[in-house]
S.K.: 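Below: one structure in structure tokens.
Keep in mind that the numbers below use all heavy atoms, side chains included, and drop hydrogens, waters and symmetry copies. Positions are given from 1 along the sequence.
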Amino acid sequence: MTTDLKVSLISTVKDAASEVGEFLDSIASQTRRPDEVVICDGGSIDGTAEVIRAAEGVTLVEEPHANISRGRNLAIRAATHDVIAVSDADCVLDPGWLAALLGAIERGADVAMGTSEPLTRSFFQDLAAAVAVPDRSELREERFMPSSRSVAFRRETLEAAGGYPEWLDIGEDMFVNHRVLELGARRELVPEAVVRWRAREDLGGHWRQYRGYAEGDALAGMYPRRHMLRFAVYGGLAAAVASRDRRAYLAAAAGGVLYAGKPLRRAFRRIDGPGRKAAAAIAVPALMAVTDAAKMAGYVRGLVRRGSSSAGGRSKPEF
């Protein structure tokens with residue numbers, strides 16, 4: 001095992017003054033602290049930069065209007081070590097997060113893939129988490145695509161992947177994941193390396209989040225078959241309803257139950273109380289439909305943008 005491995009923890013942030021202090025505290029509480037911390041501020045106007053400047057041992061890079069990709073790349077360039085751990089500055093790191101990621105790097109991984117779990121304080125956030133966030137037991141290393149809330153790279157691997165795509169405002173971490181796969185880099189899933197992130201608080205925020213993810217997919221040429229399948233499924237559902245055929249209704253209902261099964265099981269495990277569970281049985285499928293509608297709207301929006309700009313030409317072959 002390598003004992004002299006040094007790691008830079010990098011992040012990017014904008015207007016998170018009320019959250020960044022907890023992020024910095026969670027860094028200070030790591031059982032294995034980073035050898036340096038570099039945070040890029042993209043032009044905060046709420047005092048975020050002042051909070052970071054006051055933190056001991058943190059290097060602040062500032063570039064107004066930098067998007068997430070640009071901010072991460074600037075922080076990586078300012079970092080001095082050969083292992084780059086990445087998170088978001090509005091998250092909270094579990095105390096053993098960095099030690100667990102570095103353990104995988106020390107075992108020979110080029111990419112240590114941590115996990116993330118939502119911080120929920122409301123019934124809506126519990127529902128959204130059930131719809132979107134798998135249990136750790138559901139994760140499979142060969143298929144897992146880490147969020148850049150919770151990941152660590154050998155620098156040479158990240159550089160070979162081209163860094164974060166600055167032309168892409170959202171979905172940039174999935175783009176890097178695909179580049180890493182193309183390189184044949186050694187990846188290791190580290191379920192115990194957990195970062196906790198703040199879930200959207202209402203339906204509008206949830207809609208914008210998933211619309212944005214799908215828009216990024218379209219701009220980057222990612223997951224076209226997955227998105228086309230979603231359009232086909234809902235088109236088939238609309239046709240079944242329009243047909244007024246009892247057998248079509250039953251087939252659609254059976255398909256819906258299967259589709260909602262896994263999120264419903266998550267909700268029943270995570271949500272306490274018979275009344276809340278009963279409400280979740282209705283609300284989870286409804287929120288799944290809203291989430292899918294957001295993704296379809298975002299994907300169409302992204303295709304339009306891609307067709308009218310040069311962004312789509314920067315993507316590599318579709319996945």
S.K.: With a 6.0 Å cut-off on ring centres, are Phe175 and Trp167 close enough?
M.R.: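 Under 6.0 Å, so yes.
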S.K.: How far does OG of Ser150 sit from CD of Glu117, to the nearest 0.5 angstrom?
M.R.: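 Ser150 OG to Glu117 CD: 9.5 Å, rounded to 0.5 Å.
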S.K.: Would you compute the distance between atom CE of Met296 and atom OG1 of Thr291 and round it to the nearest 0.5 angstrom?
M.R.: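 These two atoms lie 10.5 Å from each other.
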S.K.: Under the side-chain hydrogen bond (donor to acceptor under 3.5 Å, both in side chains) rule, what pairs show up with a residue in residues 6-19, not counting sequence neighbours?
M.R.: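 Matches after skipping sequence neighbours: Ser8-Glu36.
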S.K.: Assess, by modelled atom type and distance only, whether the side chains of Asn73 and Glu166 contain a donor and an acceptor separated by less than 3.5 Å.
M.R.: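 Present: a donor and an acceptor within the cut-off.
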S.K.: Sub-3.5 Å donor-acceptor pair from the side chain of Asp245 to the main-chain atoms of Arg247, do we have one?
M.R.: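 Yes, Asp245 side chain to Arg247 backbone: donor-acceptor pair under 3.5 Å.
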S.K.: Is any side-chain heavy atom of Tyr299 less than 4.5 Å from a side-chain heavy atom of Arg211?
M.R.: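 No - every pair of side-chain heavy atoms lies 4.5 Å or more apart.
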S.K.: Does Glu141 offer a backbone N or O that forms a donor-acceptor pair with the side chain of Arg187 under 3.5 Å?
M.R.: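 Here the side-chain-to-backbone pair exists.
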S.K.: Quick test of your reading of the model: are Arg198 and Glu22 salt-bridged, counting only N-O distances below 4.0 Å?
M.R.: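 Looking at Arg198 and Glu22, the cut-off is met.
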S.K.: With a 4.5 Å cut-off on side-chain heavy atoms, are Glu215 and Val300 touching?
M.R.: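 Side chain of Val300 against side chain of Glu215, heavy atoms only: no contact under 4.5 Å found.
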S.K.: Salt bridge check: are Arg270 and Asp135 linked by an N-O gap of less than 4.0 Å?
M.R.: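 So Arg270 pairs with Asp135 through a salt bridge.
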S.K.: Can you tell me if Ser44 uses its side chain to pair, donor with acceptor, with the backbone of Asp46 under 3.5 Å?
M.R.: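 The answer is no, because no donor-acceptor pair under 3.5 Å joins these two groups.
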S.K.: Fit a plane to each ring of Tyr213 and Tyr210, take the angle between them on a 0 to 90° scale, and name the class: parallel (under 30°), tilted (30 to 60°) or perpendicular (over 60°).
M.R.: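 Tyr213 vs Tyr210 ring planes: perpendicular.
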S.K.: Looking at Asp35 and Arg32, is any side-chain nitrogen of the basic one under 4.0 Å from a carboxylate oxygen of the acidic one?
M.R.: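 The answer is yes: the pair qualifies as a salt bridge.
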S.K.: Hey, does Trp97 have a side-chain heavy atom less than 4.5 Å from the side chain of Val195?
M.R.: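 Yes - at least one pair of side-chain heavy atoms lies under 4.5 Å apart.
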S.K.: To the nearest 0.5 Å, how far apart are CG in Leu9 and CD1 in Ile39?
M.R.: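 It is 7.5 Å, given to the nearest 0.5 Å.
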S.K.: Looking at Arg149, is its backbone amide N or carbonyl O close enough to the side chain of Ser147 to form a donor-acceptor pair, meaning the two atoms are under 3.5 Å apart?
M.R.: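 Here the side-chain-to-backbone pair exists.
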S.K.: Should Thr115 and Phe144 be marked as a side chain to side chain contact (heavy atoms under 4.5 Å, CB included) after you check the CA-CA gap, both sets of side-chain angles, and the distance that decides it?
M.R.: CA-CA 10 Å; Thr115 58; Phe144 187 68; 4.3 Å; yes
S.K.: Return the minimal non-hydrogen interatomic distance between Leu264 and Pro285, and the atom names on each side.
M.R.: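 Leu264 and Pro285 have their closest heavy atoms at CD2-CD, 4.1 Å.
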S.K.: Side chains of residues 230-242: which donor-acceptor pairs under 3.5 Å do they make with residues two or more places apart or in other chains?
M.R.:
| unit_1 | atom_1 | unit_2 | atom_2 | d |
| --- | --- | --- | --- | --- |
| Arg230 | NE | Asp292 | OD1 | 3.2 |
| Arg230 | NH1 | His227 | ND1 | 3.1 |
| Tyr234 | OH | Asp292 | OD2 | 2.6 |

S.K.: Taking the side chain as everything from C-beta on, heavy atoms only, tell me whether Trp207 gets closer than 4.5 Å to Val290.
M.R.: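 They are in side-chain contact.
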S.K.: Under 3.5 Å, side chain of Ser26 to main-chain N/O of Leu93, donor-acceptor pair present?
M.R.: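 Yes, Ser26 side chain to Leu93 backbone: donor-acceptor pair under 3.5 Å.
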S.K.: Using a cut-off of 6.0 Å, state whether more than 12 heavy atoms not belonging to Ile45 lie near its atom CD1.
M.R.: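 No - once you tally the heavy atoms of other residues, nucleotides and ligands closer than 6.0 Å, there are 12 at most.
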S.K.: Can you check whether Ala130's main-chain N or O pairs, donor with acceptor, with Arg266's side chain at less than 3.5 Å?
M.R.: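 Side chain of Arg266 to backbone of Ala130, a donor-acceptor pair under 3.5 Å: yes, one is there.
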S.K.: When rounded to the nearest 0.5 angstrom, what is the spacing between OG in Ser148 and CD1 in Ile10?
M.R.: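 Answer for the OG-CD1 pair, Ser148 versus Ile10, is 7.5 Å.
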S.K.: Has Arg226 got its NZ or CZ under 6.0 Å from the middle of the six-membered ring of Tyr223, at an angle within 45 degrees of the ring axis?
M.R.: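 Yes, cation above the ring, under 6.0 Å and within 45°.
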S.K.: I'd like to know if the side chain of Arg154 reaches the main chain of Ala109, judged simply by a donor and an acceptor atom lying under 3.5 Å from each other, with no hydrogens or angles considered.
M.R.: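 Yes, Arg154 side chain to Ala109 backbone: donor-acceptor pair under 3.5 Å.
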S.K.: Please identify each residue that fulfils side-chain hydrogen bond (donor to acceptor under 3.5 Å, both in side chains) with Arg276, with sequence neighbours left out.
M.R.: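 With sequence neighbours excluded, Arg276 shows a side-chain hydrogen bond (donor to acceptor under 3.5 Å, both in side chains) to Asp126, given in chain and number order.
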S.K.: Between Arg72 and Glu172, is the closest basic N to carboxylate O distance under 4.0 Å?
M.R.: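 A salt bridge links Glu172 with Arg72.
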S.K.: Do side-chain atoms of Thr157 reach the backbone of Phe153 as a donor and acceptor pair under 3.5 angstrom?
M.R.: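 Here the side-chain-to-backbone pair does not exist.
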S.K.: How long is the span from the CG atom in Leu287 to the CD1 atom in Ile282, to the nearest 0.5 Å?
M.R.: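 Between Leu287 CG and Ile282 CD1, I get 13.5 Å after rounding to 0.5 Å.
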